[in-house]
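Worksheet: one structure, shown below.
Chain identifiers are assigned alphabetically (A, B, ...) following the order of the sequence lines, protein sequences preceding nucleic acid strands; residue numbering begins at 1 within each chain.
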2 protein chains.
Amino acid sequence: MPELDAIDRKILALLQTDSRLTMQELADKVGLSVSPCHRRVKLLEERGVISRYVATVDQKALGLHVSVFISIKLARQKEEDLNRFARAISKWDEVLECYLMTGNRDYLLRVVAADLASYETFLKTKLTRLDGIASIESSFALSQVKYSIALPV
Amino acid sequence: MPELDAIDRKILALLQTDSRLTMQELADKVGLSVSPCHRRVKLLEERGVISRYVATVDQKALGLHVSVFISIKLARQKEEDLNRFARAISKWDEVLECYLMTGNRDYLLRVVAADLASYETFLKTKLTRLDGIASIESSFALSQVKYSIALPV
DNA sequence: GCCAATATTGGGATAGTTTACCAATTGAAC
DNA sequence: GTTCAATTGGTAAACTATCCCAATATTGGC
């Protein structure tokens, strides 16, 4: 696995911000001509450094006004319990993020919903129906101060 | 602001997963020909429903092995204090997400770092140097169980 | 420090994609 | 059932990605 040099990192920074740049524009910005720039991008894709290209959608435009962080403790933390939990939440589109945590909770989830009523529906019809959950604690976000997909390079 | 119909939502779902689909492929998948499909995508862009196109980068490939959630309380919560805090964290690339929260903390941040040492540097040279912070509590993620950018449509 | 081997770069040609225009079709209101 | 407005589909032109090959730069050995 070869290292990422300064130009690779610049390419990543730019594509994380705007993947619709043409190769010509990207090449100009990183100080290469189109061919080597193109080759570098393809290599970054093949090596899995660039994993995908996506459109980002405005949460308010979709009417998703509620963002909730949920702390979850499981009754048991055996590997099988963890895997079962991970499989379940992976299926649910409302769950955008889920982390296995250190400290006094097992999981931290970020969930979005249209309003409190549909969040309640999510809780009642999905999350609380899972076996092996010891406790659930919801924390509501008043506003999104910052949201970025761009990892520091 | 016209409503999003079923085809618009299908377009959004597909582009949130893969924005590199050609108009031909996208049109086939939603059951339109290229022209109307292209017109709909452009409208979604103009109306801000699609906000941008980005490449997603693999966190491990960049060597960013540490993900931390930070709970922060401010000494005061006047609008000016909140704005000052928001401006500061917005500048820092390590902070990927920041939410103003209800409950017993003011902010929840998601921060990434290469290792514990560089996280410590972030804390010491940036976060703890801010004025007006009453408390900071770090919660470490052991692993990312789910991470999605695709909002439910 | 020089040379050979290797990797990287740049330009040009081609295939593929986006985009704009216009006619045809569909749907809705009266 | 007819008219008007909105949406659709096809075609052509402009733009972009992609591949190939020659030229240039970099690295390692001596």
Side-chain angles (χ1 to χ4, degrees), chain A residues 1-58 60-64 148-153, chain B residues 1-64 114 148-153:
Chain A
M1 188 87 160
E3 281 299 305
L4 301 172
D5 66 11
I7 295 180
D8 288 329
R9 289 177 186 276
K10 200 161 180 185
I11 288 173
L12 292 175
L14 289 163
L15 289 182
Q16 281 191 120
T17 301
D18 181 6
S19 66
R20 279 287 175 98
L21 289 170
T22 65
M23 276 299 157
Q24 186 64 65
E25 290 167 330
L26 187 63
D28 289 348
K29 282 174 195 284
V30 303
L32 285 177
S33 68
V34 170
S35 296
C37 186
H38 179 256
R39 234 175 69 81
R40 278 168 182 263
V41 171
K42 288 296 147 198
L43 269 173
L44 290 168
E45 291 170 4
E46 280 164 25
R47 287 159 60 191
V49 181
I50 294 175
S51 43
R52 55 211 307 229
Y53 294 91
V54 300
T56 65
V57 172
D58 185 70
K60 280 183 189 152
L62 291 180
L64 299 167
S148 171
I149 296 155
L151 298 169
V153 295
Chain B
M1 188 88 160
E3 280 300 305
L4 301 171
D5 66 10
I7 297 180
D8 288 330
R9 289 176 186 277
K10 200 161 181 184
I11 288 173
L12 291 175
L14 289 164
L15 289 181
Q16 281 191 119
T17 301
D18 181 7
S19 66
R20 279 286 175 100
L21 290 170
T22 65
M23 276 298 157
Q24 185 65 64
E25 290 167 330
L26 187 63
D28 289 348
K29 283 174 194 285
V30 303
L32 284 177
S33 68
V34 170
S35 297
C37 185
H38 179 254
R39 236 176 68 81
R40 278 169 181 265
V41 171
K42 286 298 148 197
L43 269 173
L44 289 168
E45 291 170 3
E46 282 164 25
R47 287 159 59 192
V49 180
I50 296 174
S51 42
R52 53 213 308 229
Y53 295 90
V54 300
T56 66
V57 172
D58 186 69
Q59 194 171 329
K60 279 183 187 150
L62 291 181
L64 298 167
S148 170
I149 296 155
L151 298 170
V153 294

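- Rounded to an integer number of Å, the gap from I7(A) CD1 to dA25(D) P is 14 Å.
- Remark: C1' of dT8(D) and CD1 of I11(B) are 13 Å apart, rounded to the nearest angstrom.
- Residue H38(A) places no side-chain N or O under 4.0 Å from the OP1 or OP2 atom of dA17(D).
- Here the side chains of L4(B) and L62(A) are in contact, with some heavy-atom distance below 4.5 Å.
- Checked against dT17(C), dG9(D), dG10(C), the side chain of T22(B) finds its nearest nucleotide in dT17(C).
- Rounded to whole Å, the distance from CG on D8(B) to P on dA6(D) is 16 Å.
- Separating the CG atom of L44(A) from the P atom of dT8(C) is a distance of 12 Å, rounded to the nearest angstrom.
- Distance, R40(B) CZ to dA6(D) P: 15 Å, rounded to whole Å.
- Under the side chain to side chain contact (heavy atoms under 4.5 Å, CB included) rule, V54(B) has a single partner from L15(A), D18(A), I149(A), which is I149(A).
- In this structure the side chain of R52(B) reaches within 4.5 angstrom of the side chain of T17(A), judged on heavy atoms.
- Between L21(A) atom CG and dT18(C) atom P there is a gap of 16 Å when expressed in whole angstrom units.
- The shortest distance between the side-chain N/O atoms of R39(A) and the OP1/OP2 oxygens of dT8(C) is below 4.0 Å.
- Residue-to-nucleotide proximity on DNA chain D shows that, of S35(A) and E25(A), the 5′-proximal contact is made by E25(A).
- Distance CG (L32(A)) to C1' (dG11(C)): 14 Å, rounded to an integer number of Å.
- Between D8(A) and R40(A), at least one side-chain nitrogen of the basic residue sits less than 4.0 Å from a carboxylate oxygen of the acidic one, meeting the salt-bridge criterion.
- When each of R20(A) and G31(A) is assigned the nucleotide of DNA chain C bearing its nearest heavy atom, the one mapping closer to the 5' terminus is G31(A).
- One can place NZ of K42(B) at 9 Å from P of dT18(C), the figure rounded to the nearest angstrom.
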